[in-house]
Amino acid sequence: MLNIILFGPPGSGKGTQAAILKEKYGLEHISTGDLLREERTQKTPLGLEAQRFMEQGLLVPDAVVIGMIGNKLDEKLAQVNGFIFDGFPRTVAQAQALDQLLADKHTAIKGVLALQVSEDELLKRLLQRGLTSGREDDRDAEVIRKRISVYNNSTIPVLDHYGAMGKSLCVNGEGSIEDISSALSHAINSLG
Ligand code: ADP
């Protein structure tokens, strides 16, 4: 299976690029942000709990997110060539849980593609997205800064986790959508 993690800070273009790569490689796209927003819209207990964290730019507790991913993997595994994970794992505990869930299913992460974007560019993109996305967490510069600082403190260590296994690759996340997706494809094709 081709299981890939698309990694990067909020606003680095993971969702946009995942949609392109999903088509190109026939992968199932799993975005924890989208799954959580869906739960919230449906006002499930999980969605209502998640809401309290999301609106402050904080991470939803690991156990909640890991349970949600476990269900999704069970549901889709038999039907797909692989998964592209977007916005997950966001902590080392989530990465360890994902590795175990995949190992139980006799598969593993093949590579982590990390989009590199400067902090000024992220802030600009997210505030711009906030004008049209309907996402409260994109409208408030303080919440955006919080999300970027949570990324730097809690999520960057995930890159080291996979880097130690020789699985992390960095890709320039600034430029045209096409240039970035072709750089990501090169990186995917270079995975063993
Ligand atoms: P972005 O990458 O732009 O911050 P996402 O849609 O990936 O947007 O995430 C939105 C919010 O959902 C996050 O700020 C966080 O509160 C929550 N969230 C998404 N994925 C996770 C995760 N893997 N672990 C914990 N919280 C998450």
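We count ligands from 1, going down the list as the structure has it; atoms in each ligand are counted the same way. We're numbering straight along the sequence, starting at 1. Since we're looking at a predicted model, the values are computed, not measured. The figures here come from the full heavy-atom set of this structure, side chains too, leaving out hydrogens, waters and symmetry mates.
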Engineer: Do the ring centers of Phe7 and Phe88 come within less than 6.0 Å of each other?
Structural biologist: no
Engineer: If the cut-off is 4.0 Å to any non-hydrogen atom of Arg147, which atoms of ligand 1 fall inside it?
Structural biologist: 1 (P), 3 (O), 4 (O), 14 (O)
Engineer: Out of Lys146, Arg135, Arg90, whose heavy atom sits nearest atom 21 (C) of ligand 1?
Structural biologist: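 The option holding the nearest heavy atom is Arg90.
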Engineer: Going by salt bridge (Lys or Arg N to Asp or Glu O under 4.0 Å), name the residues that satisfy it together with Glu142, two or more places apart in sequence or in a different chain.
Structural biologist: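 Testing Glu142 for salt bridge (Lys or Arg N to Asp or Glu O under 4.0 Å), a comparison that skips the adjacent residues, returns Arg145.
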Engineer: Check each atom of ligand 1 against the heavy atoms of Gly87 and keep those under 4.0 Å away; list them by number with element.
Structural biologist: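 This gives 20 (N), 21 (C), 22 (C), 23 (N) as the contact atoms.
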Engineer: Go through the structure and list residues passing salt bridge (Lys or Arg N to Asp or Glu O under 4.0 Å) with Asp62, not counting sequence neighbours.
Structural biologist: none
Engineer: Taking non-hydrogen atoms only, is Val65 closer than 4.0 angstrom to ligand 1 via side chain, backbone, both or neither?
Structural biologist: side chain
Engineer: Examine Leu126 against ligand 1 and note whether any of their N/O atoms are separated by less than 3.5 Å.
Structural biologist: no
Engineer: Just by distance, do the side chain of Asp179 and the backbone of Gly175 share a donor-acceptor pair under 3.5 Å?
Structural biologist: no
Engineer: List every atom of ligand 1 that sits less than 4.0 Å from any heavy atom of Gln94, numbering the atoms from 1 in the order shown and giving each element.
Structural biologist: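 Going through ligand 1 atom by atom, the ones under 4.0 Å from Gln94 are 22 (C), 23 (N), 24 (N), 25 (C).
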Engineer: Does the residue Lys14 have a heavy-atom contact with ligand 1, meaning some pair of atoms that are separated by less than 4.0 Å?
Structural biologist: yes
Engineer: Does Arg139 reach the main-chain N or O of Glu136 with its side chain, forming a donor-acceptor pair under 3.5 Å?
Structural biologist: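 No: the side chain of Arg139 does not pair with the backbone of Glu136.
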Engineer: Quick one: look up the protein heavy atom nearest atom 12 (O) of ligand 1 and list residue, atom name and how far away it is.
Structural biologist: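 Among all protein heavy atoms, the one nearest atom 12 (O) of ligand 1 is Met54 CE, 3.5 Å.
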Engineer: List ligand 1 atoms under 4.0 Å from Leu58, heavy atoms only on the residue side.
Structural biologist: 15 (C), 16 (O)
Engineer: Would you kindly say whether Gln51 and Glu55 are connected by a side-chain donor-acceptor distance under 3.5 Å?
Structural biologist: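 Yes, Glu55 and Gln51 have a side-chain donor paired with an acceptor closer than 3.5 Å.
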Engineer: Within the supplied structure, the quantity of interest is the number of heavy atoms (other residues, nucleotides, ligands) at a distance under 6.0 Å from Lys167 NZ; does it exceed 12?
Structural biologist: yes
Engineer: Verify the distance criterion only: is there a donor paired with an acceptor across the side chains of Asp34 and His29 at less than 3.5 Å?
Structural biologist: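 No, His29 and Asp34 have no side-chain donor paired with an acceptor closer than 3.5 Å.
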Engineer: Which residue owns the protein heavy atom closest to atom 26 (N) of ligand 1, what's the atom, and how far is it?
Structural biologist: Val60 N, 3.0 Å
Engineer: For Arg129, is the nearest heavy atom under 4.0 Å from an atom of ligand 1?
Structural biologist: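 Per 4.0 Å heavy-atom rule, Arg129 contacts ligand 1.
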Engineer: Any carboxylate oxygen within less than 4.0 angstrom of a Lys/Arg side-chain nitrogen, looking at Asp138 and Arg125?
Structural biologist: no
Engineer: For atom 18 (N) of ligand 1, grab the closest protein heavy atom and report residue, atom and distance to one decimal in Å.
Structural biologist: Leu36 CD1, 3.5 Å
Engineer: For Asp34 and ligand 1, does the shortest N/O to N/O distance drop below 3.5 Å?
Structural biologist: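 The answer is no, given that Asp34 and ligand 1 share no N or O pair closer than 3.5 Å.
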Engineer: At less than 4.0 angstrom from any non-hydrogen atom of Thr32, what atoms of ligand 1 do you find?
Structural biologist: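 By the 4.0 Å cutoff, the relevant atoms are 19 (C), 20 (N), 21 (C), 22 (C), 23 (N).
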